[in-house]
Amino acid sequence: MRFQMNKDKLLYHLVIVQKALSNKTPNPALTGIKLEAFKDRLQFTTSNGEVSIHKVVQDPSLSVEAEGKALIPGRYFVEIIRKLDGQNVLLSALEDNLLKIEADHSDITLNLLDLEDYPHLLFKESAEVIKVNVRVFKSLVRQTAFAASSVENRPILTGVYFKLEGNQLTAVATDSYRLAKKSIELDQSYAATDVIIPSKSLEELVRILEDNQKDVELHFSPSNVLFKYDGTVFLSRLLEGNYPETSKLIPKEFPTEVVFNKEQLLVAIERASLLSIRDGQNAIVKCEIRDDDVVEISSSSPEIGRVLEELNPVEGIKGSGLKIAFSSKFLMDALKSFNSSEIKVGFTGEIRPFVMTGEYDPDSLQLILPVKTD
Amino acid sequence: MAEITPHPAHEVPLNRIKKGLLKSRLSHALILEGSQDVRVQDLALEMAAEIMCHGQTPGEKDPRIFHLTHPNVKVIESTKTAISKEDILALQHDFNQTAIEAGPKIYVIFDAEKMNGYAANALLKFLEEPHANIYGILVTSDALSLLPTILSRSQLITVSSGSNEAIFNQLIASGAPRQASSVAAALWHNIDRAQEAIESDEFTHLLDHIPRVLARDTDGPSILKKMRDYWPELDRDKGAVIQFLDVFMLYLKDLLYAKLKASDKAVFCEVSPSLEKTAEAYDYDALLTIWNETLALKEKCEKPIHLSLALDNWALMIERGDVI
């Protein structure tokens, strides 16, 4: 293998593919970037065992003298290319499994990894390609994935459930204390299918998706899901098992409804959570919806003090007053997921789940289970 | 890890795996018991390769399995002093996802006896809900040191460089007593381990004591007293109690053989007349119940319990006739 390429362009692609490099793995091969050089293109592959990235690069500055492939220690390679001077870089595979990197006055030799140990990854596209605007897809992930479980007690809940039905793509995530759901409309109808994608894989994917008007392609298969965006192919394993039926958990009627200004509610909850009995992630705040159209947010800690915030809802409160307590973190996470400035909260009872929706967030809802307090 | 040259002792177990695969009757969990001299860890990898490359010729076996780099074959190596719950949970996290490459998913645990109680129980949960196309191979030098509930859910394959008879003959040739050789060969299937046990006074005393526990003497001491006289409370540690229970279960097996008029299979060969007399004093169901209670006690030993109380309780239960 021997080729020359513009250094900055090579670095641009390496920075993208290095996102799937593994830091701690018993298999050293997964710390490497698999590089294949063909006459007209380069192919990069990385994998951490959970997600894999594959990129095909065709560039006018690329000149391949000899085809070949190599498994290059990823972190070192990217840092070396980043720090090189000169416009172009020349890479050549030497005998004894070595790679020579030449640019300007630099001459660097790197020990290669054993290509034989690399997984045989199959980046196979499905016959049916679902195309979604990249911004829309990012908001679908951003508004749901945070609600997936971070603990492995029920592994299936560490994923986001994607259900394709007709021209509707719905994403649902729950950790059994809260639930996030969002649907988007697609340009055409597709055969019904569903997959559960690990939320961590989706977080990785979102990092390589830019905010533009391009489309991201979704390829669902029973064994994996493949996303294709701007020449980069992102492959993720799926969680095995049946996702719990969640539609019955979402109440349809709400005896009490309150419309809040999102920012006001967020700030009030943040302040109230400061003096909660439980710290940080587990802070609990109380909310009283009074019959005089005022909402009280409060928390108290016998040893520290008490916070009381009064909020005037945007519209008059519909229905009867109630007292409810909930995790401040869950409420703040849910509020931050909305694009709308006004959030409608529908309550069904003091110890029953409440649902949040936003005017400018169609087909999106957040559900939170309250906690019992004395 | 270098490429594996087959060991003669691997042939029979590998054929069992091949037959199991051909008939689609392979157990989802295998326990490979054997020592370093038969390279039991290599055999585990050969089995993994056999399962992964079922139907291919040996030359086509994926070398990554032997390099421990195959993405579908996860190996917990025995580099640490103990295998923790986190090790098992990491394994399960991986296996809850679809396979990276097409084909079955296999986990191999070297030195499975190093699993602590939490790890063993986490693995047990996994074994209780077997997933299709997931196989587990637990490698150990002593299967009896694993949780009985793991043993009961797995297929045990004992690999030895020779049969029990060969080990027995080797022990006799080295001048070891007949009774001790017979029991040690049956218990460990491993010449080194058997030799080590025979040389300990503790094992010799145990062989004298165990036939006396269940012997029915009209005016003799109670089972509880026999146990306490033999074994002062302070000397009862987990390892010794488990060894006692293992040998006791071999003796119970002999009593069951005596009931079935098959005393020739007994490993307590030197106490044959008293064995038959003791067997007559218990009915078959009572012996089976004692067996189950002993197995349950052995399982309890893995948990943080008061060993002496549990042992006393077990002796009293037999004494009171709860099981008879």
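The sequence lines fix the lettering, A, B, ..., with proteins before strands; numbering per chain opens at 1.
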_Contact origin within A/Pro198 toward chain B - heavy atom pairs under 4.5 Å_ = side chain
_CD/A/Glu165: more than 12 non-hydrogen atoms of other groups inside 6.0 Å_ = no
*Keeping the roles fixed (side chain from B/Gln97, backbone from A/Arg237), state whether a donor-acceptor pair exists under 3.5 Å.*
no
_Approximate separation, where rounding is to 0.5 Å, of A/Ile156 CD1 and B/Asn96 CG_ = 7.5 Å
_Side chain / backbone / both / neither for A/Leu238 at chain B, heavy atoms under 4.5 Å_ = both
*asked:* I'd like to know whether NZ of A/Lys138 has more than 12 heavy-atom contacts from other residues, nucleotides or ligands below 6.0 angstrom.
replied: yes
*Check the surroundings of atom NZ in A/Lys19: do more than 12 heavy atoms from other residues, nucleotides or ligands lie under 6.0 Å from it?*
yes
*Would you mind checking which part of B/Leu89 comes under 4.5 Å of any heavy atom in chain A, side chain (CB onward), backbone (N, CA, C, O), both or neither?*
neither
*When you look at A/His120 and B/Asp62, which way does the side-chain contact (heavy atoms from CB on, under 4.5 Å) test go after all the steps?*
CA-CA 11 Å; A/His120 304 161; B/Asp62 195 326; 4.3 Å; yes
*With no hydrogens and no angle check, is any side-chain donor or acceptor of B/Arg64 less than 3.5 Å from a backbone partner on A/Tyr118?*
yes
*Kindly compute the distance separating CG (A/Asn27) from NE2 (B/His67), expressed to the nearest 0.5 Å.*
11.0 Å
_Heavy-atom pair of closest approach, residues B/Ile100 and A/Gly49_ = CD1-O, 3.2 Å
*asked:* More than 12 heavy atoms of other residues, nucleotides or ligands under 6.0 Å from CZ of A/Phe123: yes or no?
replied: yes
*Is the backbone of B/Thr98 close enough, under 3.5 Å, to the side chain of A/Ser223 for a donor and an acceptor to pair up by distance?*
no
*Side chain, backbone, both or neither: which part of A/Glu116 has a non-hydrogen atom closer than 4.5 Å to chain B?*
both
_Flag if over 12 foreign heavy atoms under 6.0 Å of CZ, A/Phe38_ = yes
*asked:* Does atom CD (B/Glu11) have a neighbourhood of more than 12 heavy atoms from anything else shown, all under 6.0 Å?
replied: no
*Spatial distance of atom OG1 (A/Thr158) from atom NE2 (B/His93) [nearest 0.5 Å]*: 7.0 Å
*asked:* Taking side chain as everything from C-beta outward and backbone as N, CA, C, O, which of these in B/Asn72 sits under 4.5 Å from a heavy atom of chain A? Side chain, backbone, both or neither.
replied: neither
*asked:* Are B/Gln92 and A/Pro155 packed together at the side-chain level, in the sense that at least one heavy-atom pair is separated by less than 4.5 angstrom?
replied: no
